[in-house]
Visitor: 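Quick one: the structure is below, questions incoming.
Order of appearance sets the numbers: ligands from 1, and atoms from 1 within every ligand. Just so you know, residue 1 is the first one in the sequence shown, and it goes up from there.
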Amino acid sequence: MVKSELKLADWWNELENGKVLCTLCPRYCKIGKGQSGFCFIRQNIDGKLYSAGYGRPTGFAVDPIEKKPLNHFFPGSSILSFGTAGCNLGCKFCQNWSMSKSRLDDLNAMNATPEQVVDLAIRRNVPSIAYTYNDPTIFGEYVIDISRIGRDKGIKSVMVTSGYIDKEARKDVYKYIDAANVDLKAFTETFYHKLTFSHLGSVLDTLAWLRHETDIWFEITTLLIPGENDSQEEIKKMCEWILNNLGDEIPLHFTAFHPDFKMRDKNPTPPSTLKSARSLALSMGIKYCYVGNVHDSEGQTTYCPECHTALIERDWHTVFRNKIQNGMCPECGAPIAGVGIS
Ligand code: SF4
């Protein structure tokens, strides 16, 4: 792509000697002329920062919304999904590294204007668009333009993200976002530092901001990796933090790891680990807790938190039945948290 086609980035400052400071995520890369930031797709050209991921998706798919995973946002609906190359985290266990660790040219990224992305969602007859596969924070300018046009045309927008984003930039990037799934990858700074090259505190800050300063519906996902973040003690601390800071109605998903990228020496997560994490979370008071990346109908079904009636029956990403009526349990009348759930 030639310079004239590139999108000038938001969220950066000029430094000395033609360097720039990217202020989009808490990595705050200082980028020299001709260089890219850690995420590959934000580039310094002649002393200005450009968003090379703008308008360059790496492919589209229509997924069940349960695959994001979102279980309380228009359950059973489909969602147009895409990402770009690059990522602002460096997870050694990345489950999607062929995209996140690629440069745009490696992936033969296509060209699509924001209008074309929204029109594709309309043509595919899906109610929403997911910015997913890699971390959409790094193509925030593209997210803003698509989600703004989508909102005008009745198409909702969903961020699937690590939540590692600067406090000021997130106000812009999430302005037209309707829902998010945020990875809470572990509950120790050691894990975040050593295995993701990022920091836990920034992610917790984003979660608290979403809960207390926006109307965005969000759910949380934790990929449980044997021996790294799956101890009952760590899960207990994570659930305590969620309950104390976000409340008991944010759905929590524990998903299974498979050996990949730079972490091939670990075994896949045993289903028993997922089940016991879910049991612990429920016993502590989290109202909606799920398991993912395994077949477990019980662990994927939504139950009424009051009378325990099975309300949305699922297996893997398939919804078999939804009994919720007007946002309530039809048996006891308890309200069920979510958006567009019945
Ligand atoms: S968005 Fe990319 S370039 Fe900007 S600070 Fe984060 S990793 Fe660095």
Visitor: Before accepting this row, confirm whether a basic side-chain N of the pair Asp205/Arg170 lies closer than 4.0 Å to the acidic partner's carboxylate O.
Guide: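 Here Asp205 pairs with Arg170 in a salt bridge, since their nearest N and O are under 4.0 Å apart.
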Visitor: Do you see a donor-acceptor pair shorter than 3.5 Å between the side chains of Asn134 and Thr84?
Guide: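 Note: Asn134 and Thr84 side chains meet the donor-acceptor criterion.
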Visitor: Taking 2.8 Å as the upper limit, name the protein N, O or S atoms near atom 8 (Fe) of ligand 1.
Guide: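 Result, waters dropped: Cys29 SG.
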Visitor: Would you call Lys175 and Asp172 a salt bridge, using N to O less than 4.0 angstrom?
Guide: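 Salt bridge: no.
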Visitor: Cation-pi check, Arg27 to Phe38: give yes when NZ or CZ is under 6.0 Å from the six-membered ring centre and within 45° of the ring axis, no otherwise.
Guide: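 Yes, cation above the ring, under 6.0 Å and within 45°.
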Visitor: May I ask you to decide if the ring planes of Phe82 and Phe60 are parallel, tilted or perpendicular, using 30° and 60° as cut-offs?
Guide: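 Rings of Phe82 and Phe60: tilted, 30 to 60°.
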Visitor: Is Glu141 paired with Arg42 through a side-chain N to carboxylate O contact shorter than 4.0 Å?
Guide: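 Here Arg42 pairs with Glu141 in a salt bridge, since their nearest N and O are under 4.0 Å apart.
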